[in-house]
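Have a look at the structure below before the remarks.
Order of appearance sets the numbers: ligands from 1, and atoms from 1 within every ligand. Computation of the quantities below employed the complete heavy-atom set of this structure, encompassing side-chain atoms and omitting hydrogens, waters and symmetry-equivalent molecules.
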Amino acid sequence: MSDKTAATMDKIVNLCKARGIIFPGSEIYGGMGNTWDYGPVGVEIKNNVKRAWWKKFVQESDNSFGVDAAILMNSRVWEASGHTSSFTDPKMDCKECKARFRADNLIENHSKGKVNPDVLSNEEMEAYIAEHKVACPNCGKHNWTPIRTFNLMFETSRGVTDESQNKIYLRPETAQGEFVNFLNVQRTTRAKVPFGIAQIGKAFRNEITPGNFIFRTIEFEQMEHQWFCKEGTDTEFYEEYKKKALEFLLCLGFEREHLRYKDHDKLAHYAKSACDIQYLFPIGWQELNGIHNRTNYDLSRHQEFSGRNMFYLDPVTNEKYIPYVVEYSIGADRLMLAVLCEAYDEETLEGGDTRVVMHFHPAVAAYKAAILPLQKNLSEKAKEVAKQLSKKFMITYDEAGSIGKRYRRQDEIGTPYCITIDFETLDNNTVTVRDRDTMSQIRMDIGELAAFIEKSMEI
Ligand code: GAP
């Protein structure tokens, strides 16, 4: 009997630590608030998640192109995008214990999600907190500073001497790298509008209240896709990308009822429409990704601030215009967390035994197969099979402990197939292949393994 509702954030964190998926960052120094390091299993899963996204939004698209822009960009980029002036969180400090919180989070938690702070001004948030005597989650007192806005961008500086230092920023989103390269990509690919630019890369935000494992961190990866289109076609493409974003999640194995669309209650000043896809995390419904109709705001602002022309010239109609942008943005780490939560299952087996099993889609699983010699004296043949398969896939090899224990270890990291080498293998070149989810076994010729695994990985 399976229990997919058993996932809690604590169980996921503990499993990740025990099985080499994710470790606390700088752990031997006592950690560093909300930074996390991916271990040998985790890095494979995350790379597979990113690969799957790239496959769907670049490889399988006939008109989307990838870039990998610099993390450090000219500071004018962030003036143009509005991040310097308004990428802020409303922070409040507890005067008693000096802990710092976001006012919007205090209200959301206090009202148990019934009040939406996104639609409140700073004055309205202060009034709510005063009227409801919202207490400090750290010390329980109610003695707050007024709200102060806090820019989320990490600053650093460049220059060879102290005097010549210039302030620069770690990018808070990858999107601007796509916007500033709009004409470079268009010119070099000879793309015609509509077309897309995609990027996967690190972003940094000095979040005041990071928490919940890798859900909200100060350093994370984004997978962003900007679709440049003509004004008037933008609404249609916005709807199309809402659908594509959902289809991508479904193809990774998410259940439809664990996902929902949520329109933004308050639109950014440049946005015509915006919505999130939320996932039912163990902490409740939370944003997984965003789809935004950003109009021609970004390209127009870069034209204004850089002095460079951002017009697209339609080669057929000779029309000149600045395209609209439909943006689809998803955090690779946040998606990784959702993938972990969705895969987690505690099963009670016949006879009362239990097992934790991660039902990852084979395309996402760290290792596609584990090679297990039934006994140590079969290891030579087992290593030969492992070597052969490792030319095509990430596979793992395990000869330690009983076969039952080895199966359990693989179940916990979600390896879809356990391939056992036994004495029959030496006679007829066949192995047993155990399916992670059904635990059923079939016998197969070694020569058939690669095609069998490859087929299961299709998304
Ligand atoms: N370019 C648009 C943009 O950055 P966003 O809603 O701020 O929009 C997009 O971020 C996605 O990036 C989110 O839906 C989420 O998946 C991820 N994300 C944002 N902030 C994050 C953080 N602090 N930690 C982890 N993931 C984050």
Side-chain angles (χ1 to χ4, degrees), residues 22 25 33-36 38 46 49-50 53 67 69 71 73 77-78 80-83 86-89 102 104-105 118 150-154 169-180 196-227 238 241-242 245-246 248-249 254 259-271 273-279 281 283 285-295 297-299 301 325-341:
I22 300 170
N34 256 80
T35 59
W36 299 91
Y38 286 78
K46 189 173 169 192
V49 163
K50 291 191 282 186
W53 187 86
V67 293
I71 287 174
M73 303 180 82
V77 168
W78 308 114
S81 67
H83 284 83
S86 53
F87 192 51
T88 54
D89 271 349
R102 269 171 56 174
D104 51 342
N105 286 353
D118 288 352
F150 176 84
N151 196 297
L152 294 181
M153 284 199 292
F154 277 107
Y169 302 94
L170 302 188
R171 69 180 174 200
E173 61 171 14
T174 59
Q176 300 304 324
E178 289 142 79
F179 298 137
V180 299
I197 303 183
Q199 174 166 217
I200 299 179
K202 289 261 183 181
F204 305 82
R205 295 182 188 178
N206 196 357
E207 303 272 7
I208 299 172
T209 48
N212 286 322
F213 196 29
I214 53 170
F215 179 80
R216 190 180 300 286
T217 49
I218 56 177
E219 172 184 344
F220 54 99
E221 271 185 285
Q222 286 188 313
M223 308 191 284
E224 298 202 292
H225 182 275
Q226 316 294 337
W227 186 250
Y238 173 72
Y241 272 89
K242 275 173 70 174
L246 181 71
F248 170 63
L249 297 169
F254 281 90
L259 300 164
R260 70 180 188 192
Y261 290 110
K262 174 86 174 60
D263 284 331
H264 286 198
D265 294 311
K266 192 165 130 192
L267 290 178
H269 58 282
Y270 53 81
S273 30
C275 82
D276 296 334
I277 292 181
Q278 295 185 329
Y279 173 67
F281 286 95
I283 49 171
W285 287 102
Q286 296 288 342
E287 172 185 349
L288 181 53
N289 70 244
I291 301 112
H292 316 120
N293 181 342
R294 301 180 68 121
T295 68
Y297 174 82
D298 302 276
L299 293 182
R301 292 278 288 187
V325 172
V326 172
E327 174 184 68
Y328 158 48
S329 174
I330 182 162
D333 310 85
R334 193 163 303 174
L335 177 56
M336 170 96 181
L337 178 60
V339 162
L340 290 165
C341 297

- Query: Mind checking whether Y238 and H292 have ring centres under 6.0 Å apart?
  - Reply: no

- With ring centroids as reference points, do W285 and Y279 lie under 6.0 angstrom apart? no

With [atom] as the reference point, say which of [options] has the nearest heavy atom.
| atom | options | value |
| --- | --- | --- |
| atom 12 (O) of ligand 1 | Q222, Q226, M223 | Q222 |
| atom 4 (O) of ligand 1 | E327, H264, R205 | R205 |
| atom 18 (N) of ligand 1 | F220, Y328, Y279 | F220 |

Give the atoms of ligand 1, by number and element, whose distance to some non-hydrogen atom of [X] is under 4.0 Å.
| X | value |
| --- | --- |
| E287 | 6 (O), 13 (C), 14 (O) |
| A175 | 1 (N) |
| F215 | 24 (N), 25 (C), 26 (N) |
| R294 | 1 (N), 2 (C) |
| E224 | 1 (N), 2 (C), 3 (C), 4 (O) |

- Return the orientation label for the Y328 and W53 ring planes: parallel under 30°, perpendicular over 60°, tilted otherwise. tilted

Quiz question: by atom type and distance under 3.5 Å, do the side chains of [X] and [Y] form a donor-acceptor pair?
| X | Y | result |
| --- | --- | --- |
| D333 | Y38 | yes |
| Q226 | E327 | yes |
| Q199 | E178 | yes |
| D118 | H264 | no |

- Test item, D333 contacting ligand 1 (heavy atom, 4.0 angstrom): no

- Query: Quick one: does Q176 get within less than 4.0 Å of ligand 1, heavy atoms only?
  - Reply: no

- Message: Once you restrict to heavy atoms under 4.0 Å, what part of N289 touches ligand 1? Side chain, backbone, both or neither.
- Response: backbone

- Query: So is there a nitrogen or oxygen of L288 less than 3.5 Å from a nitrogen or oxygen in ligand 1?
  - Reply: yes

- Under the 6.0 Å and 45° cation-pi test, does R205 pair with F220? no

Just need the protein heavy atom nearest to [atom], so name the residue and atom and give the distance.
| atom | value |
| --- | --- |
| atom 24 (N) of ligand 1 | T217 N, 3.0 Å |
| atom 9 (C) of ligand 1 | S329 OG, 3.0 Å |
| atom 8 (O) of ligand 1 | H292 CE1, 3.9 Å |

- Any ion pair linking K46 and E221 (charged N to carboxylate O, less than 4.0 Å)? yes

- Message: Does F154 form a ring pair (Phe, Tyr, Trp, His ring centres under 6.0 Å) with Y169? I'd like the steps, not just the answer.
- Response: CA-CA 6 Å; F154 277 107; Y169 302 94; over 10 Å; no

